[in-house]
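See below for the structure under consideration.
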2 protein chains.
Amino acid sequence: MEKAGKHIGGIPEPTLRRLPKYIDLLKELQKTKIKYVSSNFIADKLNLDSIQVRKDLAVTGIIGKPKLGFDLDELIRSLNHTLNWDNLNDAFLVGVGSLGSAIIGYSAFSSYGLNIVAAFDNDPQKVKKTINGIEILPVTKLAEMIRRMKINIGILTVPAESAQAIAEEMVEAGIKAIWNFAPIHLSVNKDVIIENLLLTQSLGLLTHKLSAKLKKDSMLMFTNH
Amino acid sequence: MEKAGKHIGGIPEPTLRRLPKYIDLLKELQKTKIKYVSSNFIADKLNLDSIQVRKDLAVTGIIGKPKLGFDLDELIRSLNHTLNWDNLNDAFLVGVGSLGSAIIGYSAFSSYGLNIVAAFDNDPQKVKKTINGIEILPVTKLAEMIRRMKINIGILTVPAESAQAIAEEMVEAGIKAIWNFAPIHLSVNKDVIIENLLLTQSLGLLTHKLSAKLKKDSMLMFTNH
DNA sequence: TAGATTGTTAATCGATTAACAATC
DNA sequence: TAGATTGTTAATCGATTAACAATC
C-alpha cells in the first residue's frame, strides 16, 4: 500500500502538449547511433529551456543519469506510455469529407496510439467504399456498432450543423472521448472527454501574429532612419 | 502623439486561442434575432468564466453596454479584426497529399482571413490539376512565384523529411509566416512566424486523458462498493 | 430607482525559470 | 577527482479568478 493517499492532480496540459514534440525529435535521433540524450540537447533543438525539458520528462517517471542524460529508447518508451501511445485505442470516425478522408488515409496514426476501425457517412455514394483498408459504413449503424464493439473514441469530422447530434448519439452509445474537428462547441455530459481540434484556432494565431509583425515592421521603417 | 511610449506586450496566447471560439458561437447567434449578447451568456455556452470572457473581449477594444451586453455585429467585427480576419491573407500551400488536398478543398477558410492562391507538389501526376479552383503547380516554381506575387504565408503539408528544406526555400524567397503541419521542428530565422499544427499533439491529450479516466474509473469500481 | 451588466483593480493560482545540491 | 548533468526546492511571472465600483 505504499504511496497511497490523495491523488495529486494530473500532468499540466502545457507539458502534455510538448510530449509529442519530444517523441518526434527523439525518433529522429533513434536513426543515429546516439544512445543517450541530455535535456540540454533537446532544449536546444526545440528552442526550449533545459530546466523545462527536465521537468517535462520527469512527469513520465523516467530517471536520467547524471553526466550522461537519458537513455534514448527508454525515454521514448516512457513518453509513449504517458500518452498511452503504447496501446492501440480503437476509434470510429464519422464524416468522410475531405478532412475525414485525410485522417482515415493517414496510416501513421497507429504509431500514435490510434486505431481507426471503421468510418461512417450518410452519403450512399461513399458507403461500402474503403479508404486505406478502412470500410465506410452508413451512419445509421453507428450507435449499434459502438455498443457491439465497445468503442471508446469517436472522431467527428462532420459539418458543424450535424456535430452536436452525432456527438449525442455517440455518447448515448457509450463513447468516452470525442476528437472533434467541427467548429462548434459540443455540449455533452461533463465526464465525456472532448478534445477540439480547430484548424482556425491555429490559423488565428498565425494571422494575428503576422499582422502585428507587418504593422511593427512598417512602423520601424518610419521611425528608424 | 497620444498614447505613445513603450509598447506593452501583445495579447496573451490563451486569449487568442479562445477568440475563434467566440466568433463561431457569435456567428451562430447572428442567425437569430438577438442583437446584444452578454459575457455571461457566452461564458455559459462555452463553459468559461464570464470574467474571463469580458477580459478576452476587452483585448479587441470593444466597449460593452452595461445592462445590455455587447452589440453582436460589432463584437464579431472586433474579434475578426483582432485576428486580421477582416483581410484576406494570400498563401501558398506545398504538399498536395491527402491533408493538403483537404485544406485546399476547405472553402470556408476565406471567412477566416486565408486565401490560398496556389498549391505546389513535386508529383507530375498532380501538377496542372485543379482542386476547388486552386491550381497545382510544380514545386520548382515555388520560390520564383513567392517573390513575384509577394506571398507572405506558406502552408506546409509535405512529409516530415522534406519540411525543413521547403521551409528554408520559402523563407529565402520571402515568406514571413509558415503554417506547418509536418511533425518536425522547423529551424528558421527567428523573425519568421511559425505556427505548428500537430494533429498528434491534440491526439496525445485525448489518449492521455482517456487512459487516466479509464484507470480512475476502474479503481473506483474496486474501492466503491 | 433598482438591478443587471460592464470594466478595473487586487488576490490567487499554476507554470516557468532560477538556484543549487546530489550524483556518476 | 573534476565536471557535466540530473533533480529538487525556491522565486518569478503571467493568466485566471475574485471583489467591487461605475454605468445605463
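A note on names: the letters A, B, ... follow the listed sequences, proteins ahead of strands, and every chain is numbered from 1. Values below: every heavy atom of this structure, side chains too, minus hydrogens, waters and symmetry copies. Since the model is a prediction, treat every value here as computed from it, not as a measurement.
- Pairing of C/dG14, defined by two Watson-Crick or G-U wobble distances under 3.5 Å, is identified with D/dC13.
- Among C/dG7, D/dA18, C/dT5, the nucleotide with an atom closest to any side-chain atom of B/Asp49 is D/dA18.
- A/Asp71 has its CG atom 15 Å from the C1' atom of D/dT6, to the nearest Å.
- When the side-chain nitrogen and oxygen atoms of A/Arg54 are compared with OP1 and OP2 of D/dT6, one or more of them lie within a distance under 4.0 Å.
- Between B/Leu72 atom CG and C/dT5 atom C1' the separation is 17 Å, expressed in whole Å.
- Taking atom NZ of residue B/Lys67 and atom C1' of nucleotide D/dA22, one finds them 15 Å apart after rounding to whole Å.
- Atom OH of A/Tyr36 is separated from atom C1' of D/dA4 by 15 Å (rounded to the nearest Å).
- Summarising the base pairing, D/dC20 is matched to C/dG7 through a Watson-Crick or G-U wobble pair whose two defining distances lie under 3.5 Å.
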Apply side-chain contact (heavy atoms from CB on, under 4.5 Å) to B/Trp179 and B/Leu114, showing your working. CA-CA 11 Å; B/Trp179 198 13; B/Leu114 188 69; 4.0 Å; yes

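- Residues A/Val59 and A/Leu57 are not in side-chain contact: their nearest non-hydrogen atoms beyond the backbone lie 4.5 Å or more apart.
- Here the side chain of A/Gln52 is nearest to one of C/dT6, C/dG3, C/dT17, namely C/dT17.
- For A/Ser50 and D/dT5, the shortest distance from a side-chain N or O to OP1 or OP2 is not below 4.0 Å.
- Both the sub-6.0 Å distance and the 45° axial angle are not jointly satisfied by B/Lys150 relative to the ring of B/Phe92.
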Stepwise salt bridge (Lys or Arg N to Asp or Glu O under 4.0 Å) test for B/Lys213 and B/Asp217: CA-CA 6 Å; B/Lys213 182 173 161 39; B/Asp217 288 354; 3.0 Å; yes

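- Residue B/Ala58 is the one, among A/Thr15 and B/Ala58, whose nearest nucleotide of DNA chain C lies closer to the 5' end (criterion: closest heavy atom).
- Here D/dT17 presents its P atom at 14 Å from CG of B/Asn40, a figure rounded to the nearest Å.
- Residue B/Ile62 contributes atom CD1, which lies 8 Å from atom P of C/dG7 at whole-angstrom precision.
- Phosphate contact (OP1/OP2 of D/dA4, side-chain N/O of A/Ser38, threshold under 4.0 Å): absent.
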Residues A/Lys45, A/Glu28; criterion salt bridge (Lys or Arg N to Asp or Glu O under 4.0 Å); working and verdict: CA-CA 12 Å; A/Lys45 289 284 180 193; A/Glu28 283 302 311; over 6 Å; no

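- Atom CD1 of B/Ile51 and atom C1' of D/dT17 are 6 Å apart (whole Å).
- Protein atom NZ of A/Lys55 is 11 Å distant from nucleotide atom P of C/dA15, rounded to whole Å.
- The 5' end of DNA chain C is approached more closely, in terms of each residue's nearest nucleotide, by A/Arg18 than by the other of A/Pro66 and A/Arg18.
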